[in-house]
Amino acid sequence: MPIPAVEKIWMNGELVPWAEAKVHVLTHALHYGSGVFEGIRCYKTVRGPAVFRLTDHLERLRRSAKIHYMELPYSVDELAAATCALIRANRLDACYVRPIVFRGYGEMGLYPLGAPVDCAIAVWPWGAYLGEEGIEHGIRAKVASIQSLDANSITPAAKACGQYLNSCLAKIEVTKAGYDEAVMLNRHGFVSQGSGENIFAVRGGRLCTPPLSDGVLEGITRDTVMRIAASLDIEVREQSLTRSDLYVADEAFFSGTAAEVVPIREIDDHRIGEPGPVTRQIQRRFRDIIEGRDGEFGHFLEYVS
Ligand code: PMP
């Protein structure tokens, strides 16, 4: 997807012009994927732009960095302030926010602890990742032959750059086969997640999602969906799912910052159908929250000004 340029990018503590936010070709992360990042959204509300669960995302960034032996060069509060300043400087009402912390230029080789750690935040306007049509009517998913990572490889608990090569393989495989998104299984054959989303299935009115131990990123949208469900008295279970649990689900959907809540209408050519009542309820409540119309979860919005 092309990135629409805006004016400024925050880089190592300074706002720099978009076109000048560059790194050296011998940047460690470019060669070895040694970085961690976040995907966050800022939404337009009647009280001005607000970033959804900014602090929670930055806390996850700090945990991802810790797993990879990196120390964040800035505190979570400093990064939150920098994010808000950047959105204001670019005069955006709504945008995607991409903080990245990565090993920079100065050392090569696989013992990276001597390389400098750089930090940048970029923002740009970005529409629905899997399309508005997908949010409305659902998408077609396919189980990929590429497996998800597990706790003893590049752990999926961290949102690290290198692990997304695996997601890219799955996404390319299913896109070339004519589908919209991949469902990845772990090495035990259980469903873990999409290439960039968590996954939920509904059966008999109950919502099920794989536990984190099945190779799942601790999604902030996943957590939000679980809280919404609790608030709506919908039972939620974290339980392992097989691909056939998805085939016979009454409803299924993906959740993620870029994608938001996206119904799955077909999986491996098994029809699930148009978005059902549970998915619709969750989608509606999610929209109310991000657009600043929900009292109970109002604190999830961190206003830019
Ligand atoms: N799983 C993977 C692999 C992802 O890349 C993402 C997107 N960050 C998610 C799940 C969803 O996480 P979140 O809801 O925090 O965006």
Same cluster (ILVMFWY, side-chain, under 4.5 Å), L113 and L72: no
Short side-chain to backbone donor-acceptor contact, Q283 and V261, under 3.5 Å: yes
Any V97 side-chain heavy atom under 4.5 Å of L54 side chain: no
Contact check, side chains of P156 and L217, non-hydrogen atoms, under 4.5 Å: no
Residue list, ring-ring contact (aromatic ring centres under 6.0 Å, His included) with H57, at least two apart or on another chain: none
Check ion pair E136-R280 (N to O, under 4.0 angstrom): yes
Nearest heavy-atom neighbours spanning N12 and D118: ND2-OD1, 3.2 Å
Matching residue for F300 among F286, Y43, F52 - test: ring-ring contact (aromatic ring centres under 6.0 Å, His included): F52
Atom pair CG (L207) and CD (E235), whose distance is rounded to the nearest 0.5 Å: 9.5 Å
Over 12 non-hydrogen atoms of neighbours within 6.0 angstrom of CD in E218: no
Sub-4.5 Å side-chain heavy-atom contact between Y164 and K159: yes
CG on L246 to CZ on R203, rounded to 0.5 Å: 11.0 Å
Spatial distance of atom OH (Y247) from atom CG (D268) [nearest 0.5 Å]: 3.5 Å
Close side-chain approach of T83 and E302, heavy atoms under 4.5 Å: no
Flag, side chain of H28 to backbone of G35, donor-acceptor distance under 3.5 Å: no
Side chain to side chain, P125 and V6, heavy atoms closer than 4.5 Å: yes
Side chain to side chain donor-acceptor pair (under 3.5 Å) evaluation trace for R284 with Q281: CA-CA 5 Å; R284 221 174 294 128; Q281 262 182 296; over 6 Å; no
side-chain hydrogen bond (donor to acceptor under 3.5 Å, both in side chains) contacts touching residues 98-110 (sequence neighbours left out): Y96-R98
Sidechain-backbone polar pair: E78 side chain, S75 backbone, donor-acceptor under 3.5 Å: yes
Side-chain donor or acceptor of E260 paired with backbone N/O of R287 under 3.5 Å: no
Least distance between heavy atoms, S192 atom then I199 atom: O-CG2, 3.9 Å
Side-chain donor or acceptor of D294 paired with backbone N/O of D288 under 3.5 Å: no
4.5 Å side-chain heavy-atom contact, R243 and V183: no
I121 to L86 - nearest heavy-atom pair and separation: O-CD2, 3.3 Å
Minimal non-hydrogen separation, M184 against S195, with atom names: SD-CA, 4.2 Å
Residues, nucleotides or ligands: over 12 heavy atoms within 6.0 Å of Y303 OH: yes
Side-chain (Y74) to main-chain (G13) donor-acceptor, under 3.5 angstrom: yes
Residues R60, D56: salt bridge by 4.0 Å N-O rule: no
Gap separating the OH atom of Y179 from the CD1 atom of I139, nearest 0.5 angstrom: 12.5 Å
From CA spacing to verdict: side chain to side chain contact (heavy atoms under 4.5 Å, CB included), F200, R222: CA-CA 9 Å; F200 287 85; R222 174 184 184 272; 3.8 Å; yes
Co-membership, hydrophobic cluster, residues M1 and L130, 4.5 Å side-chain: yes
Nearest non-hydrogen partners of L61 and P99, listed with the distance: CD2-CB, 4.2 Å
Check against side chain to side chain donor-acceptor pair (under 3.5 Å), D214 and S240: CA-CA 7 Å; D214 276 347; S240 294; 2.7 Å; yes
Salt-bridge contact R227-E296 (side-chain N to carboxylate O under 4.0 Å): no
Interatomic spacing from CH2 in W10 to SG in C119 - rounded to 0.5 Å: 4.5 Å
Side chain T209, main chain E238, donor-acceptor under 3.5 Å: no
Heavy-atom donor-acceptor pair, K171 side chain to D180 backbone, under 3.5 Å: yes
Nearest atoms (heavy-atom pairs only) where V304 meets C84: CG1-O, 3.5 Å
E197 side chain to A259 backbone, donor-acceptor under 3.5 Å: no
Within 6.0 Å of CZ in R293, more than 12 heavy atoms from elsewhere: yes
Hphob cluster co-occupancy, I290 + M226, side-chain heavy atoms under 4.5 angstrom: yes
Same apolar cluster (I L V M F W Y, side chains within < 4.5 Å links), L79/L15: yes
Test item: Q193 side-chain N/O and G215 main-chain N/O as donor-acceptor pair under 3.5 Å: yes
Test: D269 and K142 ion pair at under 4.0 Å: no
Heavy-atom side-chain proximity of E7 to R91 below 4.5 angstrom: yes
Cluster check V51, I9: I/L/V/M/F/W/Y, side chain < 4.5 angstrom: yes
Spatial distance of atom CZ (R53) from atom CZ (F297) [nearest 0.5 Å]: 9.0 Å
Student check: side-chain heavy atoms of S34 and H68 closer than 4.5 Å: no
